[in-house]
Amino acid sequence: MNKKKWLSTPYLIWMIAFTVIPLLLIGYYGFTTRDGSFTIQNITAIFSPAHSKALLKSLYLSLLCTVVCLLLAYPLALILKNKNVGQGGFVIMIFILPMWMNFLLRTYAWLNLLDDGGIIERIFSLVNIPYQSIIGTDAAIILGMVYNFLPFMILPLFNVLTKMDENVINAASDLGANSFQTFIKIILPLSLPGIVSGITMVFVPSLTTFVISDLLGARKIMLIGNIIEQEFSIADNRHLGSGLSLVLMIFILASMALINRYDKNGEGNAF
Amino acid sequence: MRKKYLVITAALSLSLTFAGCSDSNSEEANQGNVVKVYNWGDYIDEDVIAQFEEETGIDVIYDTFSTNEEMYAKIASDPSLYDVICPSDYMIQKMIENNLLSEINWDNVPNIENIDSLMMDRVSDFDPGNKYTVPYTYGTVGILYNTSMVDEEITSWDVLWDETYKNNIIMQDSVRDAFAVALKKLGYSLNSTNEHELEQAKDLLHEQYPLVKAYAIDEVRDKMINGAAALGVIYSGEYLYCSEENPDLAYVVPEEGSNLWIDGWVITSGSKNKENAEKWLDFLARPEIALKNFEYITYSTPNVAAQEMIDEEYLEDPAVFPDEEIINRCEIFQYLGQEMEDLYYEMWKLVK
């Protein structure tokens with residue numbers, strides 16, 4: 001075994017260069033002021049009105065997005081479970097197809113669809129329905145998030161449901177469970193790893209996004225991701241930006257911990 | 001300053017950064033006769049670059065940025081990345097104070113005499129003694145409005161707080177510009193460092209928030225052309241282009257006063273091709289080159305010799321070339337120091 005150790009060198013270098021060092025840098029900046037002295041103000045800054053408001057808004061929108069994704073994806077995965085492999089795979093591919101295109105371009109496309117003078121408004125005006133653009137509202141951001149992150153919910157659910165042993169379900173009905181009971185007592189608990197995995201994979205990116213809110217929020221809606229991004233790009237304050245990132249990391253680590261608890265075998269992994 | 005790429009271009013260019021790096025490195029390898037130029041996006045007639053290369057035999061390595069702050073972060077990390085850059089007034093002041101610029105040897109830039117002497121006076125507000133800056137463009141900040149959607153004559157910033165235009169207002173999404181509007185409406189200086197005044201300005205902007213359709217920088221232009229809103233806060237340099245695309249658009253500098261901004265070319269302290277950089281400055285100050293750039297970017301030029309060749313119609317339009325009366329009620333931004341900058345930004349986050 002030890003002889004092969006050198007094979008891991010590239011990965012070690014990769015991890016050190018692109019994970020460990022950046023994390024240390026964020027840690028360093030997060031706990032220092034502009035002149036380099038130690039402070040915890042960048043962390044406690046999360047309690048200031050502007051920051052906590054943005055964080056709560058992010059939590060609210062990303063939770064809502066996760067619920068919507070779950071409600072959309074679960075029935076779909078259930079339907080696909082009963083199809084044969086070819087059909088199911090085809091439908092999954094249809095859902096993943098948009099992901100072949102750049103995430104930014106897809107979100108930008110939504111802006112063009114929804115904006116004043118956009119395609120949707122023109123279609124509405126053809127049939128004389130008044131159209132009020134939703135750009136700049138929570139609804140637009142939820143739409144953008146659900147559209148972009150839905151595949152991350154479908155894939156783990158589909159994986160876990162198709163791998164489920166049919167015999168377990170058959171046994172349940174042999175023993176007299178109706179389909180509702182089978183679902184509640186058998187299918188749902190067995191698919192829990194997929195659900196948890198899907199929730200994390202939707203929740204984390206939507207909690208941290210700033211592009212979706214930037215493009216579809218008319219810059220009226222500030223999420224915590226926007227606050228952090230602008231600390232770096234506009235305010236030239238990487239110390240505060242790093243401090244707030246560390247706070248956000250707590251939420252991400254919490255969801256990772258959740259995954260580890262429920263998905264020990266990695267069954268729910270999307271890929 | 002102020003023609004910038006769309007958000008998407010900026011974000012996509014992030015992914016091209018690596019390609020960009022290797023490019024300029026290979027250029028550096030042959031370390032020939034080069035000048036490294038860092039300018040606002042879409043802020044020069046590209047033919048001018050080709051003409052400069054042809055005439056002088058100097059290769060131009062040309063890159064663009066989209067905000068003063070983005071440019072500053074890059075130059076502050078390594079002043080030798082570029083030779084000549086084109087920041088705005090307050091940013092030039094900040095760069096001088098942080099020793100990031102190099103004094104120009106005016107003997108190598110004889111065309112500086114084409115620049116309006118009054119403009120050089122104003123530049124000395126932020127560049128004392130005129131040591132660093134060749135003024136490139138200037139203008140005001142004002143309200144661009146759609147005359148088919150606005151019946152009254154607009155003279156005041158107050159209209160941006162008028163309930164009748166709810167969801168019909170596009171506000172500048174940059175800290176200093178947004179605060180300038182509110183501070184001027186309150187009758188204060190747009191360089192205020194008085195916390196109490198800033199607090200009032202913040203409250204005023206917060207009060208405006210529900211009326212605002214969108215906060216934007218580059219997109220103000222396109223949204224106004226498309227008729228997406230009745231009123232937009234914009235840089236005067238965009239007006240000419242906008243009114244040609246949509247004749248209903250008019251521009252006004254409110255009577256409470258506004259911001260007069262000046263963008264100028266400066267040489268970085270780390271420049272390795274200073275003489276080439278000075279040739280670049282001299283070339284841009286040539287009347288026919290300044291004219292060409294004016295015709296392309298439509299931002300007012302302080303080049304008097306070029307102005308003589310510009311149509312009367314434009315020269316007499318105060319929206320394109322602000323007259324003395326307008327300029328006198330405007331103020332130039334000053335760099336207020338890091339602490340003040342942080343305070344402004346802290347307040348700005350409370351607006352939305």
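Just so it is clear: chains get the letters A, B, ... in the order the sequence lines come, proteins before strands, and each one is counted from 1. Given the structure is predicted, the values throughout are model-derived calculations rather than measurements.
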In sequence, state the C-alpha distance, the side-chain angles, and the governing distance for B:E339 and A:R34, and then conclude on salt bridge (charged side-chain N to carboxylate O under 4.0 Å, His left out).
-> CA-CA 10 Å; B:E339 221 169 285; A:R34 275 212 171 88; over 6 Å; no
Quick one: do A:N237 and B:E341 satisfy side-chain contact (heavy atoms from CB on, under 4.5 Å)? Show the steps, please.
-> CA-CA 10 Å; A:N237 191 348; B:E341 248 181 23; over 6 Å; no
Highest number of heavy-atom pairs under 4.5 Å with chain A: which of B:I170, B:N226, B:D342?
-> B:D342
What part of A:L240 is in contact with chain B, defined as an atom under 4.5 angstrom from a non-hydrogen atom: side chain, backbone, both or neither?
-> side chain
NZ or CZ of A:K220 within 45° of B:Y215 ring axis and under 6.0 Å = no
Point-to-point distance, once rounded to the nearest 0.5 Å, from CD of B:E219 to CG of A:L215 = 8.5 Å
Of the backbone (N, CA, C, O) and the side chain (C-beta and beyond), which part of A:R238 lies under 4.5 Å from a heavy atom of chain B, both, or neither?
-> neither
Given that the side chain runs from C-beta out, which part of B:E70 has a heavy atom under 4.5 Å from chain A: side chain, backbone, both or neither?
-> backbone
Stepwise, does the side-chain contact (heavy atoms from CB on, under 4.5 Å) test hold for A:D236 with B:K94?
-> CA-CA 13 Å; A:D236 186 27; B:K94 182 176 180 181; 4.0 Å; yes
Where does A:N226 contact chain B at under 4.5 Å (heavy atoms): side chain, backbone, both or neither?
-> neither
A:E231 bridged to B:K349 by N-O distance under 4.0 Å | yes
For B:D173 and A:R219, run side-chain contact (heavy atoms from CB on, under 4.5 Å): C-alpha distance rounded to whole Å, both residues' side-chain angles, the deciding distance at 0.1 Å, then the answer.
-> CA-CA 8 Å; B:D173 192 32; A:R219 307 239 191 103; 2.9 Å; yes
Contact class of B:Y344 relative to chain A, heavy atoms under 4.5 angstrom | neither
Would the number of heavy atoms belonging to other residues, nucleotides or ligands and lying under 6.0 Å from OH of A:Y11 be above 12?
-> no
Could you tell me which portion of B:K223 (side chain, backbone, both or neither) has an atom closer than 4.5 angstrom to a non-hydrogen atom of chain A?
-> side chain
Give the minimum heavy-atom separation between A:Q132 and B:N167, together with the two atoms involved.
-> NE2-ND2, 3.4 Å
If you count the non-hydrogen atoms of other residues, nucleotides and ligands that lie under 6.0 Å from CD1 in A:I129, is the total more than 12?
-> yes
